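In the text below, chain A, chain B and the rest are named by the order of the sequence lines, each starting its count at 1. Everything numeric in this text was worked out from a predicted model, so none of it was measured. Just so you know, these numbers use all the heavy atoms, side chains as well, and skip hydrogens, waters and symmetry mates.
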Amino acid sequence: MGANNAREGAILAGNEVRIALKKVPTYIQGLDDILEGGLPAQRTTLIMGDPGSGKTVMSVEFLYRGALHGEPGIFLGFEESAASFRENALTMGWDLAALEADNRLFIMEGRLSPEVVISGKISLKPMLAVISGKAKEMGARRIALDALDVLLQLFDDPMQVRAELHLLNHWLAESGLTAVMTLKHRDGPSITTFQDFFHSIADCVINLDARVLNQVSTHRLRVIKYRGSSFGRNEYPYVITDTGIRTIPITAFELRHQPFGERISSGIPRLDALLDGGYYRASCVLLAGEPGTGKTLLATTFVRQVCSQGEKVLYLSLEESPEALVRNVTSAGIDLEPFCKAGALHFIGAMPEATGAEEHLLRLMSEVERIRPQHVVVDAISACERMGGKQAAFEYLMRLLNFLKERGITTIFTNQTSGSKVQMEISGNGISSMLDTVILISYVQGEGETNRIIQVLKSRGTGHSNQVREFIIGDDGLHIQDAYIGPGGVLTGTARRVQEARDAFEARRREAEIQAKRREIARLKAAMETGKARFRARLEAAEAELADLERERDIERAEREVRARMRGEKMSDEVGEMQK
Amino acid sequence: MTAQRDKESDNPTCYHLRLFVAGDEPNSRQAKETLNRLCEAYLKDHYTLEIVDVLEDYRAALENQILVAPTLIIAAPPPPITIIGSLSDTRRVLNALGLPASEEGL
């Protein structure tokens with residue numbers, strides 16, 4: 001018996017055999033991806049959220065879309081009147097009354113009139129009796145209990161609430177309905193007890209968070225728990241649109257991206273040469289540069305190029321109105337008007353601050369689906385931060401890029417950088433890993449004039465040139481010229497010509513200097529020879545003097561020894577006396 | 001007190017009451033008992049009381065939007081008034097019936 005078998009046995013013994021959990025799709029766009037299929041079938045899901053976060057909309061959409069897919073449902077709302085509820089649903093294009101007439105939906109108003117007199121204790125049994133009866137009658141498969149917390153306020157005894165909720169939970173478990181309950185976040189200890197209980201009876205808990213970030217309202221959805229199932233654990237943005245809730249999960253990230261397509265011309269032959277043939281289809285190209293360097297011109301040059309080949313472009317202009325943009329680029333000889341008229345070029349002009357990043361994204365995504373362009377330009381991504389901060393901009397761009405890459409659409413981003421040390425900024429809101437090509441345009445200051453240089457910083461799948469070129473904006477479009485590379489860096493314009501003359505002079509001066517140096521070395525060599533002779537003489541003299549001194553010393557030593565021998569012992573006595 | 005009560009009994013007002021209960025659940029039982037006692041004490045001979053068990057007849061509960069039990073609907077005289085609960089707070093019930101609260105007879 002193998003180890004595997006043994007382990008299987010253990011699992012069987014421990015009663016932990018996993019049966020694939022049955023799920024019910026919500027049919028809400030994106031949500032089923034996050035839930036990896038849908039809500040747990042015949043179980044209870046809790047939707048928590050602040051007022052206005054879309055709990056009710058989500059629970060209604062769950063029923064509405066379910067009903068359209070052949071799963072009748074019951075809605076029991078404790079907060080809104082049924083009439084205003086139907087009206088609100090109509091603004092999303094949901095005709096609930098028609099579904100009700102068809103017996104595919106039943107809306108029950110559980111709102112108690114404020115005039116109701118309360119006297120003594122109550123039980124929720126009638127509610128359960130009513131929904132049981134109705135559910136059987138119409139063959140309901142789904143149920144939503146909206147704002148149950150409002151009803152629970154009728155109870156003043158927490159123990160009783162607990163008992164009633166147990167009853168409800170038991171009933172739901174027996175009913176075989178897939179249930180959604182919504183609950184507001186509230187403060188206060190009694191509510192916390194409710195919440196704990198609700199959490200314990202729900203197999204799946206979804207938290208909806210509506211918050212205002214940098215003055216822009218944003219919505220985030222998070223699945224807090226899902227018993228017996230894995231799920232997307234991130235916070236996902238969602239939007240309440242005029243067709244319901246839409247969420248944007250990042251799923252199988254980058255795996256579904258289309259491979260690069262063929263080369264397409266940037267519209268400037270010499271830039272194509274720098275890029276080893278042009279941009280790739282389905283890649284993402286970032287055009288970065290300081291204000292006024294010509295990013296928009298570079299982008300629109302590309303637009304003109306592809307539009308004249310009969311392709312479609314969607315251009316999101318975040319910095320100026322489409323009209324102003326079309327007018328401004330005519331100064332460089334770029335006429336976009338005919339493409340707009342022919343329906344090849346579509347503009348979306350949007351104020352970044354106008355809505356949250358999710359709404360911007362969804363709007364752009366639905367436009368992409370409607371127009372089906374081959375190329376999308378976002379001008380400029382630096383403006384995306386104004387949709388609600390750095391994080392919002394990052395998420396917006398990542399999701400957008402992911403969406404476009406999945407569809408094999410070429411994306412051109414422009415990004416406004418400031419200052420000269422802009423390596424971080426160039427890559428644009430931390431999305432650098434998603435960028436395939438990065439082109440930087442920058443200013444260089446020269447002889448009383450400012451010029452532009454262009455360089456390809458990155459280009460995936462390309463033996464691109466690292467060289468810097470001069471970028472010239474003419475009346476007739478954009479041009480790229482070989483830049484002069486001298487000791488002071490890249491030179492452009494007048495400075496380039498001045499430098500050429502300066503270099504010629506420099507060459508002559510250098511030649512003269514070389515000659516002079518050679519002469520100096522010859523002189524020094526000669527001086528060294530003369531010096532050598534003089535030192536040799538001095539050395540010889542010194543050596544002779546040393547020899548004389550040594551001879552004198554030797555003679556004197558010898559004389560002392562002779563005298564000492566002549567004095568004999570007396571000398572040693574003398575030495576003894578002296579020692580005393 | 002007595003005068004007012006006589007005035008009340010002279011009043012031809014007929015009360016129509018509907019009490020929705022959930023089977024033999026304790027609150028419902030208590031409400032039934034309390035209501036019977038109050039009616040006998042205050043509305044003798046000029047009231048009708050209909051007791052509906054929602055566990056037997058969910059459609060009646062549906063039509064009247066009854067979600068909690070017990071629920072007492074004072075259908076007449078108008079305007080209709082709804083009281084929920086076991087009716088343990090009899091002062092409120094009497095008040096809703098337009099009757100003066102009294103300590104005696106309960």
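Residue A/His170 places its NE2 atom among 12 or fewer non-hydrogen atoms of other residues, nucleotides or ligands, all under 6.0 Å distant.
Contacts between residues 95-111 of chain A and chain B, defined by a heavy-atom separation under 4.5 Å, are made by A/Phe106, A/Met108, A/Glu109, A/Gly110. Interface residues of residues 116-146 of chain A toward chain B, defined by a heavy-atom distance below 4.5 Å and sorted by number: A/Val116, A/Val117, A/Ile118, A/Ser119, A/Gly120, A/Lys121, A/Ile122, A/Ser123, A/Leu124, A/Lys125, A/Pro126, A/Met127, A/Ala129, A/Val130, A/Gly133, A/Lys134, A/Glu137.
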List the atom pairs, donor and acceptor, that lie under 3.5 Å between side-chain atoms in residues 61-73 of chain B and the rest of the protein, sequence neighbours left out.
unit_1: B/Asn64; atom_1: OD1; unit_2: B/Arg18; atom_2: NH1; d: 3.4
unit_1: B/Asn64; atom_1: ND2; unit_2: B/Ala60; atom_2: O; d: 2.8
unit_1: B/Thr71; atom_1: OG1; unit_2: B/Val68; atom_2: O; d: 2.6

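Contact count against chain A (heavy-atom pairs under 4.5 Å) is highest for B/Val54 among B/Val93, B/Val54, B/Asp53.
Among pairs with a residue in residues 73-90 of chain B, those fulfilling salt bridge (Lys or Arg N to Asp or Glu O under 4.0 Å) read B/Asp89-B/Arg92, at least two apart in sequence or across chains.
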